[in-house]
Colleague: 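Please read through the structure below; I'll follow up with questions.
Keep in mind that what you see is a predicted model, and the values were worked out from it rather than measured.
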Amino acid sequence: MQTFPGIDGQAPAPHVLGVRVMLLTDRPEGDCAQRLAGYGSLVEIKGELAAALAAVLDDPLGFDLFVMDCDAYGGIAAAERAIATLVAAEARMRVILVSGEFDEPAYPLGRRTAVCLPDPVSEPGFRRGFEHVLRDRAPVTLM
């Protein structure tokens, strides 16, 4: 028998369980952190950009997802620099950017492109972005 945690009566898709997430935020108790944990993710939170990038690049297991609350760190321009740093270091992970600078959500189809969500974003909008960015991730099987 398998048991999956649910949120608002919706069970997460099997490919999103057990996701290792690096969350860069100045709001460790905010919506992003609570939602990610509620989806069954293993969330590590950093409050400084350099510390988050170093943790991602130095982690031997590798994170599945990098989520950045952009506004406290210089907005979209800072997010672009952070992504460039990850790409230059050949970090292979998915990315979600959350910023008040985004007018509407963007769910691109490319694997190496970031899902962009406006801040604030509704729970269904965040969930859609989360599931979209992880759509090609293999399900985790526990034995």
Colleague: Which heavy atom of L24 sits nearest to which heavy atom of G47, and what is that distance?
Modeller: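 Nearest heavy atoms, L24 then G47: CD1-C, 4.0 Å.
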Colleague: Is there a path of hydrophobic side-chain contacts, each under 4.5 Å between heavy atoms, that joins L23 and L53?
Modeller: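 In one cluster with L23: L53, no.
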Colleague: Rounded to the nearest 0.5 Å, what separates atom CZ in R127 from atom CZ in R35?
Modeller: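 R127 atom CZ to R35 atom CZ measures 11.0 Å (nearest 0.5 Å).
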Colleague: With the side chain counted from C-beta on, respond yes when T25 and C32 share a heavy-atom pair under 4.5 Å apart, and no when they do not.
Modeller: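 No. Closest side-chain heavy atoms not under 4.5 Å.
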Colleague: Taking it one step at a time, do F130 and V67 satisfy side-chain contact (heavy atoms from CB on, under 4.5 Å)?
Modeller: CA-CA 10 Å; F130 179 75; V67 179; over 6 Å; no
Colleague: Can you check whether V19 reaches L134 side chain to side chain, under 4.5 Å on heavy atoms?
Modeller: yes
Colleague: Quick one: are L86 and V56 in side-chain contact, heavy atoms under 4.5 Å?
Modeller: yes
Colleague: Which distance, rounded to the nearest 0.5 Å, do you find between the CE of M22 and the CE of M93?
Modeller: 8.0 Å
Colleague: Would you give the length of the straight line joining atom CG of D64 to atom CG of L42, rounded to the nearest 0.5 angstrom?
Modeller: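 Nearest 0.5 Å value for the CG-CG distance: 8.5 Å.
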Colleague: Can you tell me how far apart CG (D26) and CG (L49) are? Round to the nearest 0.5 Å.
Modeller: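 Those atoms lie 12.0 Å apart.
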Colleague: Could you give all pairs that pass the ring-ring contact (aromatic ring centres under 6.0 Å, His included) test and reach residues 42-100, with sequence neighbours left out?
Modeller: none
Colleague: With sequence neighbours left out, which residue pairs that include part of residues 48-62 fulfil the side chain to side chain donor-acceptor pair (under 3.5 Å) condition?
Modeller: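 Qualifying pairs, neighbours excluded: R20-D59.
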Colleague: Could you give the side-chain donor-acceptor pairs of residues 100-107 under 3.5 Å, partners two or more places apart or in another chain?
Modeller:
from: E101; atom 1: OE2; to: I76; atom 2: N; distance (Å): 3.2
from: Y107; atom 1: OH; to: G125; atom 2: O; distance (Å): 3.4

Colleague: Using atom types as modelled, flag every donor-acceptor pair under 3.5 Å from a side chain in residues 113-120 to any protein atom, sequence neighbours excluded.
Modeller:
from: T113; atom 1: OG1; to: G110; atom 2: O; distance (Å): 2.8
from: D119; atom 1: OD2; to: R27; atom 2: NH2; distance (Å): 3.1

Colleague: For a 4.5 angstrom cut-off between non-hydrogen side-chain atoms, does L65 reach V133?
Modeller: yes
Colleague: Can any side-chain N or O of R135 pair as donor or acceptor with the backbone N or O of H132 at less than 3.5 Å?
Modeller: yes
Colleague: Where do M68 and A82 come nearest, in terms of heavy atoms and distance?
Modeller: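 Minimum heavy-atom separation between M68 and A82: SD-CB, 4.3 Å.
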Colleague: Using the rule that two of Ile, Leu, Val, Met, Phe, Trp, Tyr join whenever any of their side-chain heavy atoms come within less than 4.5 Å, decide whether I96 and V121 are in one cluster.
Modeller: yes
Colleague: Under the rule for side-chain contact (heavy atoms from CB on, under 4.5 Å), what residues qualify as partners of P28, not counting sequence neighbours?
Modeller: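 Once residues adjacent in sequence are excluded, the partners of P28 under the side-chain contact (heavy atoms from CB on, under 4.5 Å) criterion are I45.
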Colleague: How would you list all residue pairs meeting side chain to side chain donor-acceptor pair (under 3.5 Å) that involve residues 88-100, not counting sequence neighbours?
Modeller: D71-S99, R94-D136
Colleague: Do S41 side-chain atoms and V21 backbone N/O form a donor-acceptor pair below 3.5 Å?
Modeller: no
